[in-house]
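Note that the coordinates shown come from a computational prediction; the quantities given were computed from them, not determined experimentally. Lettering of chains follows the sequences in order, A, B, ..., and the numbering in each one begins at 1.
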Amino acid sequence: MLTPVMTHDWNLSPTQAVALQRELAASVREVKLARIPALVAGADCAFCSHGEEIIAGWVVWDVKRRKLVEEVVAVERTTFPYVPGLLSFRETPAMLAAAAKLSVKPDLLMFDGHGRAHPRRFGIACHVGVLLDLPSIGCAKSRLCGEHKEPASSRGACVSLVDGEEKIGRVLRTRERLKPVFVSVGHKITLDGAVDVVLRCCTTYRLPEPTRLAHVLVTREKANHAP
DNA sequence: GCGACAG
DNA sequence: ATCTTGTCGC
């Protein structure tokens, strides 16, 4: 159901991958969302066989009704190592394979990783968002680049994540006193819009439901795949 | 050369 | 991410 509007070679060297990121970063669009998304898809991956196999999963979350609508997974051979800044080249192929299995079309995609809060402003949220041409958000558990102050301790409190002169993301407290998350634009959304959506998706945990449930999904799938 | 470094 | 038990704090 979710098919890429464009493709490119994935068999690249780290140097070629970096060049491709610089090239594709120009196609990222930062525009206001037409309306609050009803269905938000969250993606995550788990690894097997000493990292030789990757399990990608998507969960579609109904924001208003606060319930899970669909889950899909795909298992593939890993073809790219984990290199800080090149995460999407390791996880995207499997994520696209799983996305093709979705029967419902989500309004927005959410990732466990960064979007524009990336050295070349092209984290995994930007990469998948551009390939599938859908609004997307990066919601990472830790920082990749940029500097920031400590946000206040209340839910919803946030500060800017800055890299040089650029505001590349926002450090957002999703639960009172808990470690904040790093939100950034993936594609076709504004930073304020991204923060709003992340908060709407955070019910009782630090991480937004789409991404949290996707993690539960791939972890469970991994367990009953190699018993 | 010495740290930092999404998952 | 992954390998792992109990344990301290809200």
Side-chain angles (χ1 to χ4, degrees), chain A residues 10 14 17-18 21 24-25 28 42-59 73-96 98 109-130 136-148 152-155 157 161-164 168-187 191 194 198 204-208 210-223 225-227:
Chain A
W10 289 101
V18 167
Q21 290 184 318
L24 296 179
V28 171
D44 193 29
C45 294
F47 297 83
C48 274
S49 315
H50 306 284
E52 303 205 357
E53 272 195 319
I54 177 172
I55 300 174
W58 286 92
V59 149
V73 298
V75 182
E76 300 206 328
R77 292 277 302 184
T78 304
T79 63
F80 201 91
Y82 169 67
V83 178
L86 297 180
L87 176 68
S88 65
F89 290 88
R90 178 174 174 74
E91 306 189 339
T92 302
M95 283 185 177
L96 292 180
L109 313 176
M110 195 175 281
F111 299 83
D112 188 352
H114 297 97
R116 292 194 60 194
H118 175 280
R120 291 167 291 284
R121 310 293 181 260
F122 200 69
I124 191 168
C126 299
H127 204 152
V128 182
V130 166
S136 64
I137 297 172
C139 183
K141 299 184 295 300
S142 63
R143 185 192 71 94
L144 208 210
C145 65
E147 307 169 338
H148 67 87
S153 63
S154 62
R155 169 190 155 88
L161 177 61
V162 181
D163 191 9
I168 61 176
R170 204 155 294 163
V171 185
L172 174 70
R173 191 88 64 186
T174 57
R175 292 305 278 170
E176 182 94 29
R177 283 183 300 274
L178 295 189
K179 186 176 188 288
V181 297
F182 296 74
V183 181
S184 60
V185 170
H187 189 46
L191 184 52
V198 167
T204 59
Y205 298 87
R206 175 172 81 112
L207 301 180
T211 284
R212 190 186 70 79
L213 291 174
H215 184 272
V216 170
L217 170 64
V218 297
T219 298
R220 181 205 313 144
E221 200 60 28
K222 171 183 176 178
H225 203 281

Point to revise | Sugar-phosphate, base or nothing in reach of H50(A), heavy atoms under 4.0 Å | key: nothing
Point to revise | Out of dA1(C), dG7(B), dA6(B), whichever nucleotide has its closest atom nearest the side chain of H215(A) | key: dA1(C)
Point to revise | Stepwise salt bridge (Lys or Arg N to Asp or Glu O under 4.0 Å) test for D163(A) and R121(A) | key: CA-CA 10 Å; D163(A) 191 9; R121(A) 310 293 181 260; 3.2 Å; yes
Exercise for review: Using atom types as modelled and distance alone, determine if a side-chain donor or acceptor of R175(A) lies under 3.5 Å from a backbone N or O of Y205(A).
Suggested key: no
Check your understanding: Quick one: E221(A) CD to dT2(C) P, roughly how many Å, whole number?
Key -> 14 Å
Review point. Across the strands shown, which category fits L178(A) at heavy-atom distances under 4.0 angstrom: base, sugar-phosphate, nothing?
Key: nothing
Point to revise | Among dC10(C), dA1(C), dA6(B), the one nearest F47(A) by side-chain distance | key: dA1(C)
**Study point:** Centroid distance under 5.5 Å and plane angle under 30°, F182(A) vs dA6(B)
**Key:** no
**Study point:** Minimum-distance nucleotide to H114(A) side chain [options: dG7(B), dT2(C), dA6(B)]
**Key:** dA6(B)
Review point. Taking only side-chain nitrogens and oxygens of K141(A), does any of them come within less than 4.0 Å of OP1 or OP2 of dA6(B)?
Key: no
Check your understanding: Side-chain N or O of K222(A) less than 4.0 angstrom from OP1 or OP2 on dA1(C)?
Key -> no
Review point. Considering all heavy atoms of both residues, which atom of C48(A) and which atom of K222(A) are nearest to each other, and what is their separation?
Key: SG-CG, 3.6 Å
Review point. If you look at every strand shown and take non-hydrogen atoms under 4.0 Å, does G138(A) touch a base, only sugar-phosphate, or nothing?
Key: nothing
Practice item. Verify the contact: side-chain N or O of S142(A) to OP1 or OP2 of dG7(B), cut-off strictly under 4.0 Å; return yes or no. Key: yes
Check your understanding: So, do V162(A) and H148(A) sit near enough that their side-chain heavy atoms are less than 4.5 Å apart?
Key -> no
Review point. Hey, is the side chain of R143(A) poking within less than 4.0 Å of OP1 or OP2 on dC5(B), counting only N and O atoms?
Key: yes
Review point. Which part of the nucleic acid, if any, lies within contact of A46(A), taking any heavy atom under 4.0 Å across all strands shown: a base, the sugar-phosphate backbone alone, or nothing?
Key: sugar-phosphate
